[in-house]
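All remarks here apply to the structure that follows.
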Amino acid sequence: MTERAAVKAALKTQAVETPSWAYGNSGTRFKVFAQQGVPRDPREKLDDAAKVHEFTGVAPTVALHIPWDKVDDYAALARHAEERGLRLGAINSNTFQDDDYRLGSVCHPDAAVRRKAVDHLLECVDIMDATGSKDLKLWFADGTNYPGQDDIRARQDRLAEALAEVYERLGDDQRMLLEYKLFEPAFYTTDVPDWGTAYAHCLKLGPKAQVVVDTGHHAPGTNIEFIVTTLLREGKLGGFDFNSRFYADDDLMVGAADPFQLFRIMYEVVRGGGLSGDVAFMLDQCHNVESKIPAIVRSVMNVQEATAKALSVDRDALAAAQREGDVLGANAVLMDAFNTDVRPLLREVREEMGLDPDPMGAYARSGWAEKIVAERVGGRQAGWGA
């Protein structure tokens, strides 16, 4: 197989999971902006996700968020997905939107609140059983606002106890993916603020616990690709939440703020064998002012382009330059790959997969946007908290 053929083969097997909540209404801390045609229930979210997969060919799974995607029959929801060429992916828990969680969830000083939070996590594992999902994704908004508000070490003990109980409930083919976030909503301490904290808990739990890297959850200037390669080296990189940010927080389209960073991350993924392993590549974005489905299609394409560039790095030339201490030569190898226009290559890949080479144009021509605006009238639109 030629080098070009190998790159194309890898791109054809790539999979990017889309999040159900990205198809619903979202906004800022001040306003949630409604759009016409937004799904009103999880099934309509899956209908939209099927269009993303139809035009990109690499988005076969959809992550659910509980209780936002709560239904009476999860097996039926899984069948609905299958009928549209999809599978249900990671189950995301929610321990941050209930009044009881004002002082935390699994780290709360009140045992009754901690019990409520853990019971919700166990419910999510039950949903995994019903949907066939393999991944339980955990993000905790737990933290404190003031020095002395709570015992920092005790909160870590409570966190470890909760994670251990949920870990024991997992099936043999299921995983726990622990996410971290530098700050927000807590101002003084965050209970899972960085990859080291998440890694420490996952290491203690065992092989079914791995770390999720959200590309928007770091301090400015953080070398995310170093984190990625370290976790891959230790066998603890479970997945990504892909998005972008400028000043702080996240939720912008992946690759929008710094496509070079996304390329560097994907090179370390390729270098570390993560592209062909069990690393889950998921979008975690909120499309506030842009149309939902085209934004998700564009995001998938951004991941594809960064991956194609990463696969195009001349690794032999790079290794030679590194051995020789050729600093500029080594950097030039990476920059040559990054500056390569891979769009013609990806158009070829799509044509060989039987897809339209222009996913954005194909979606615009499909009439789906007009159809959902005309048909999805009445009822309550899905969005944050719905």
Fill in: Tyr180 and His218 aromatic centres sub-6.0 Å
yes
Worksheet item: Could you walk me through whether Thr230 and Tyr199 pass the side chain to side chain donor-acceptor pair (under 3.5 Å) check?
Response: CA-CA 10 Å; Thr230 300; Tyr199 174 75; over 6 Å; no
Worksheet item: Among the clusters formed by ILVMFWY side chains lying less than 4.5 Å apart, do Val303 and Val313 turn up in the same one?
Response: no
Fill in: Beyond-backbone contact of Tyr101 with Val113, side-chain heavy atoms, under 4.5 angstrom
yes
Worksheet item: Hey, are the side chains of Leu237 and Gln210 touching, using non-hydrogen atoms and a 4.5 Å cut-off?
Response: no
Item to complete: Could you give me the CA-CA distance, side-chain angles and deciding distance for His80 and Glu83, then say whether side chain to side chain donor-acceptor pair (under 3.5 Å) is met?
Response: CA-CA 5 Å; His80 185 88; Glu83 290 166 359; 4.6 Å; no
Worksheet entry | Partners passing side chain to side chain donor-acceptor pair (under 3.5 Å) against Glu305 (at least two apart in sequence or in another chain) | Arg298
Worksheet entry | Pairwise ring pair (Phe, Tyr, Trp, His ring centres under 6.0 Å) hits with a residue in residues 36-63, at least two apart | none
Response to the item:
By side chain to side chain donor-acceptor pair (under 3.5 Å), Thr189 pairs with (sequence neighbours left out) Thr144
Worksheet entry | Main-chain N/O of Cys107 paired with Asp142 side-chain donor or acceptor, under 3.5 Å | yes
Discussion item. Do Thr131 and Leu77 have side chains that approach each other closer than 4.5 Å (heavy atoms only, starting at C-beta)?
Written reply: no
Item to complete: Step by step, work out the salt bridge (charged side-chain N to carboxylate O under 4.0 Å, His left out) result for Lys51 and Glu54.
Response: CA-CA 5 Å; Lys51 290 299 173 181; Glu54 177 183 341; 3.1 Å; yes
Worksheet item: In terms of side-chain geometry, is the basic nitrogen of Asp100 or Lys116 positioned less than 4.0 Å from the acidic oxygen of its partner?
Response: yes
Worksheet entry | Rounded distance [0.5 Å steps], CG in Asn25 versus CZ in Arg380 | 10.5 Å
Worksheet item: Does a sphere of radius 6.0 Å around NZ in Lys12 hold more than 12 heavy atoms from other residues, nucleotides or ligands, not counting ones at 6.0 Å or beyond?
Response: yes
Discussion item. My understanding is that only residues two or more places apart in sequence, or in another chain, count here; which of them pass side chain to side chain donor-acceptor pair (under 3.5 Å) with Glu165?
Written reply: Arg115
Worksheet entry | Aromatic ring pairing Trp68/His65, orientation class (parallel under 30°, perpendicular over 60°, tilted between) | parallel
Worksheet item: Would you say Ser366's side chain and Trp368's backbone share a donor-acceptor pair under 3.5 angstrom?
Response: yes
Worksheet, complete the sentence: Across all chains, not counting sequence neighbours, the ring pair (Phe, Tyr, Trp, His ring centres under 6.0 Å) partners of His120 are none
Worksheet item: Would you say the side chain of Thr56 lies within less than 4.5 Å of the side chain of Ile296, judging by non-hydrogen atoms?
Response: no
Without placing hydrogens or testing angles, list every side-chain donor-acceptor pair under 3.5 Å for residues 315-328, not counting sequence neighbours.
unit_1, atom_1, unit_2, atom_2, d
Asp326, OD1, Gly329, N, 2.9

Item to complete: Could you tell me the separation between the CD atom of Gln36 and the OG atom of Ser291, rounded to the nearest 0.5 Å?
Response: 10.5 Å
Discussion item. With a 4.0 Å cut-off on N to O distance, would you call Lys208 and Glu168 a salt bridge?
Written reply: no
Practice prompt. Answer whether the closest heavy-atom distance between the side chains of Asp48 and Val52 falls below 4.5 Å.
Written response: no
Could you tabulate the donor-acceptor pairs under 3.5 Å formed by side-chain atoms of residues 274-284, not counting sequence neighbours?
unit_1, atom_1, unit_2, atom_2, d
Asp284, OD1, Trp21, NE1, 3.0

Worksheet item: Just by distance, do the side chain of Ser244 and the backbone of Ala256 share a donor-acceptor pair under 3.5 Å?
Response: yes
Discussion item. For Phe96, I'd like to know if atom CZ has over 12 heavy atoms of other residues, nucleotides or ligands within 6.0 Å.
Written reply: yes
Discussion item. Do Leu182 and Ile265 sit in one hydrophobic cluster, given that two such residues count as connected whenever their side-chain heavy atoms are within less than 4.5 Å of each other, even indirectly?
Written reply: no
Worksheet item: Can you tell me how far the CG atom of Leu11 sits from the CE atom of Met353, to the nearest 0.5 Å?
Response: 9.5 Å
Worksheet entry | salt bridge (Lys or Arg N to Asp or Glu O under 4.0 Å) pairs, two or more places apart, involving residues 129-141 | Asp129-Arg169, Lys134-Asp173, Asp135-Arg175, Lys137-Glu179, Lys137-Asp241
Fill in: Val211 side chain near Leu177 side chain, heavy-atom distance below 4.5 Å
no
Discussion item. Determine whether a donor-acceptor pair (N or O, by modelled atom type, separation under 3.5 Å) exists between the side chain of Ser105 and the backbone of Ala117.
Written reply: no
Worksheet item: Are any non-hydrogen side-chain atoms of Glu17 and Pro60 less than 4.5 angstrom apart?
Response: no
Worksheet entry | Ion pair Arg158/Glu161, N-O distance below 4.0 Å | no
Discussion item. In this structure, would Val7 and Leu262 fall into the same cluster of hydrophobic residues linked by side-chain contacts under 4.5 Å?
Written reply: yes
Discussion item. Under the rule for ring pair (Phe, Tyr, Trp, His ring centres under 6.0 Å), what residues qualify as partners of Phe242, not counting sequence neighbours?
Written reply: Phe240
Item to complete: Determine, step by step, whether Gln35 and His287 satisfy the side chain to side chain donor-acceptor pair (under 3.5 Å) criterion, reporting the C-alpha distance in whole Å, the side-chain angles of both residues, the deciding distance to 0.1 Å, and the verdict.
Response: CA-CA 10 Å; Gln35 295 184 17; His287 305 289; over 6 Å; no
Discussion item. Just to verify, what does Ser299 make a side chain to side chain donor-acceptor pair (under 3.5 Å) with, not counting sequence neighbours?
Written reply: Gln285
Fill in: Electrostatic pair Asp341-Arg343, nearest N-O below 4.0 angstrom
yes
Worksheet entry | Whether Thr229 side chain and Glu225 backbone form a donor-acceptor pair below 3.5 Å | no
Discussion item. Any salt bridge linking Arg84 with Asp47? Criterion: basic side-chain nitrogen under 4.0 Å from a carboxylate oxygen.
Written reply: yes
Worksheet item: With hydrophobic residues grouped by side-chain heavy-atom distances under 4.5 Å, do Leu136 and Phe140 end up in a single group?
Response: yes
Worksheet item: Looking at Lys8 and Glu3, does any basic side-chain N land under 4.0 Å from a carboxylate oxygen?
Response: no
Worksheet item: Less than 4.0 Å between a side-chain N and a carboxylate O, is that true for Arg376 and Glu44?
Response: yes
Worksheet item: Side chain of Asp356, backbone of Ala362: donor and acceptor closer than 3.5 Å?
Response: no
Discussion item. Any non-hydrogen side-chain atom of Val333 less than 4.5 Å from a side-chain atom of Asp336?
Written reply: no
Item to complete: Apply side chain to side chain donor-acceptor pair (under 3.5 Å) to Arg155 and Gln149, showing your working.
Response: CA-CA 11 Å; Arg155 292 179 74 89; Gln149 175 183 325; over 6 Å; no
Item to complete: Treating Ile, Leu, Val, Met, Phe, Trp and Tyr as nodes and any side-chain heavy-atom pair under 4.5 angstrom as an edge, say whether Leu355 and Met360 lie in one connected cluster.
Response: yes
Worksheet item: Ignoring hydrogens and geometry, is there a side-chain-to-backbone donor-acceptor pair from Asn92 to Leu64 under 3.5 Å?
Response: yes
Worksheet item: Is Tyr146 isolated, or which residues cluster with it under the ILVMFWY side-chain rule of less than 4.5 Å, directly or via members?
Response: none
Item to complete: Flag the pair Asp358 and Arg347 as a salt bridge only when some basic side-chain nitrogen lies within less than 4.0 angstrom of an acidic carboxylate oxygen.
Response: no
Worksheet entry | ring pair (Phe, Tyr, Trp, His ring centres under 6.0 Å): pairs with one or both residues in residues 326-355, sequence neighbours excluded | Phe260-Phe338, Phe263-Phe338
Practice prompt. For Arg264 and Asn223, indicate whether the former's side chain and the latter's backbone hold a donor-acceptor pair under 3.5 Å.
Written response: no
Item to complete: Would you indicate whether Arg365, at its atom CZ, is surrounded by more than 12 heavy atoms from other residues, nucleotides or ligands within a distance under 6.0 Å?
Response: yes
